[in-house]
Number of protein chains: 2
Amino acid sequence: LVRFEQVWKTYGSGEARVDALAGVDLTIERGEFVAIMGPSGSGKSTAMNIIGCLDTPTRGRYFFMDVDAGGLDRSRRALLRNLYIGFVFQGYNLLARTTAVENVELPLIYRGVAARQRRKLALEALAKVGLTGREGHTPAELSGGQQQRVAIARAIVTNPTLLVADEPTGNLDTARSQEIMGLLNALNREQGLTIAMVTHEADIAAHAGRIVTFVDGKIASDEAKLEA
Amino acid sequence: LVRFEQVWKTYGSGEARVDALAGVDLTIERGEFVAIMGPSGSGKSTAMNIIGCLDTPTRGRYFFMDVDAGGLDRSRRALLRNLYIGFVFQGYNLLARTTAVENVELPLIYRGVAARQRRKLALEALAKVGLTGREGHTPAELSGGQQQRVAIARAIVTNPTLLVADEPTGNLDTARSQEIMGLLNALNREQGLTIAMVTHEADIAAHAGRIVTFVDGKIASDEAKLEA
Ligand SMILES: Nc1ncnc2c1ncn2[C@@H]1O[C@H](COP(=O)(O)OP(=O)(O)OP(=O)(O)O)[C@@H](O)[C@H]1O
Ligand SMILES: Nc1ncnc2c1ncn2[C@@H]1O[C@H](COP(=O)(O)OP(=O)(O)OP(=O)(O)O)[C@@H](O)[C@H]1O
Ligand SMILES: [Mg+2]
Ligand SMILES: [Mg+2]
């Protein structure tokens with residue numbers, strides 16, 4: 001589903017040059033649940049943005065569903081994203097003056113889903129992340145962990161092919177994190193949702209079938225979990 | 001240093017009413033290092049905002065250094081904050097078009113510190129959180145964990161009396177989190193910095209001398225660590 005071929009992402013030049021990704025090869029098959037770990041600044045979000053078609057490599061190639069996505073223009077990448085990808089941003093990126101349910105409906109609006117069906121699907125997604133009763137709140141009227149869960153609901157409401165989640169439980173307590181992991185596992189098993197998830201917590205990563213570790217813009221290890 | 005007397009924080013009314021805090025009594029002595037835990041939406045950030053003089057109770061009283069801070073107007077609370085309090089926000093709240101070092105200098109500008117001394121103190125604070133080499137980057141050019149560390153540096157650069165930190169290691173890997181905890185412990189032990197820190201990770205909370213747990217806007221437990 002996802003393939004990196006010697007992907008580099010470079011910012012600046014000369015003394016100020018930063019290689020956020022420095023030659024990354026990575027393949028993710030349909031139906032996999034991959035956890036991505038590594039120190040702060042090691043390139044995880046940069047890799048996630050390329051996987052999610054939000055950004056393109058400086059060098060090397062990125063294939064999404066066998067299409068050279070790095071070579072497409074902005075609007076074609078946006079179309080791929082809207083049709084196939086759900087993205088949970090490290091900073092949530094919710095619309096500030098919009099309620100929780102309207103934020104979750106946004107990807108459905110792009111797909112031309114009718115208003116009544118949009119509302120139904122959005123409320124279901126909010127229920128799945130435990131936010132029934134908060135749908136009318138704007139982000140400022142929600143706790144950090146509640147905002148994070150709105151972002152997760154928005155990412156799954158279209159039933160995407162690929163979920164890219166950048167630290168989806170970073171602001172959630174243990175019990176709530178386990179609930180969200182249960183939800184992601186169910187979507188992965190029952191609907192074949194492919195998941196690439198950044199986390200810095202080992203017990204969250206343990207829910208995935210494979211752990212890829214970044215260090216200084218390269219992949220340092222790539223370990224499949226042994227069947228229990 | 002900090003005292004809550006039957007503090008309530010209520011939003012909305014009637015059916016839409018939310019009691020973010022529902023009668024909280026809490027005392028924090030100078031020099032303590034208190035961890036604050038509890039489920040998502042239980043009132044932790046609301047309590048932190050009142051402690052940091054960013055917000056006032058709906059009912060009940062909040063005393064900071066024996067002054068009824070809840071009864072002060074905005075500008076007097078802002079003055080208390082600038083002189084005595086360092087705040088790490090759950091969402092960092094960095095200025096977007098400003099570099100890391102300029103963001104860290106901001107509290108020093110409020111205190112009228114001269115430009116050369118400001119730059120020196122800000123660079124030292126950034127070095128303490130491991131960000132030497134990133135001082136000229138704006139938030140958009142920094143990873144999530146790097147932005148979080150800029151927020152921490154900004155909170156400690158004035159050598160405040162009280163540090164209020166809302167999930168300061170939420171986006172940091174284990175090694176980096178332990179470094180930050182080591183830094184906070186050193187400031188607490190060597191400079192008597194009083195710390196109120198929200199975290200949802202038990203091994204981060206273990207660095208504190210006392211754990212206060214919120215549930216549904218009330219304090220459910222308040223446990224001092226037994227001396228090892
Ligand atoms: N302006 C507001 N209007 C209505 N409800 C609000 C408002 N601000 C906060 N709340 C509600 O108050 C409750 C407590 O919020 P708070 O941010 O203190 O939680 P928290 O413990 O910090 O959660 P988290 O761990 O998710 O950050 C939440 O249920 C939230 O929805
Ligand atoms: N626009 C930019 N200009 C310069 N450097 C950048 C830019 N964007 C990112 N970087 C740098 O690229 C590196 C990788 O960033 P990235 O956000 O991918 O890290 P990360 O692994 O997600 O970190 P974290 O765990 O802290 O979120 C960082 O060192 C960062 O400073
Ligand atoms: Mg990141
Ligand atoms: Mg909070």
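Sequence lines set the chain letters: A, B, ... in the order given, protein chains first and strands last, and positions in each chain run from 1.
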Present all donor-acceptor pairs from chain A to chain B with distances below 3.5 Å, rounded to 0.1 Å.
residue, atom, partner, partner atom, Å
A:Ser40, N, B:Asp173, OD1, 2.7
A:Ser40, OG, B:Arg149, NH2, 2.9
A:Gln90, NE2, B:Asn171, OD1, 3.1
A:Arg149, NH2, B:Ser40, OG, 2.9
A:Asn171, OD1, B:Gln90, NE2, 3.1
A:Leu172, O, B:His200, ND1, 3.3
A:Leu172, O, B:His200, NE2, 3.1
A:Asp173, OD1, B:Ser40, N, 2.6
A:His200, ND1, B:Leu172, O, 3.3
A:His200, NE2, B:Leu172, O, 3.0

- Item | Which of B:Gly145, B:Gly91, B:Pro39 touches chain A most, by non-hydrogen pairs under 4.5 Å | B:Pro39

- Query: Side chain, backbone, both or neither: which part of A:Val18 has an atom under 4.5 Å from a heavy atom of chain B?
  - Reply: side chain

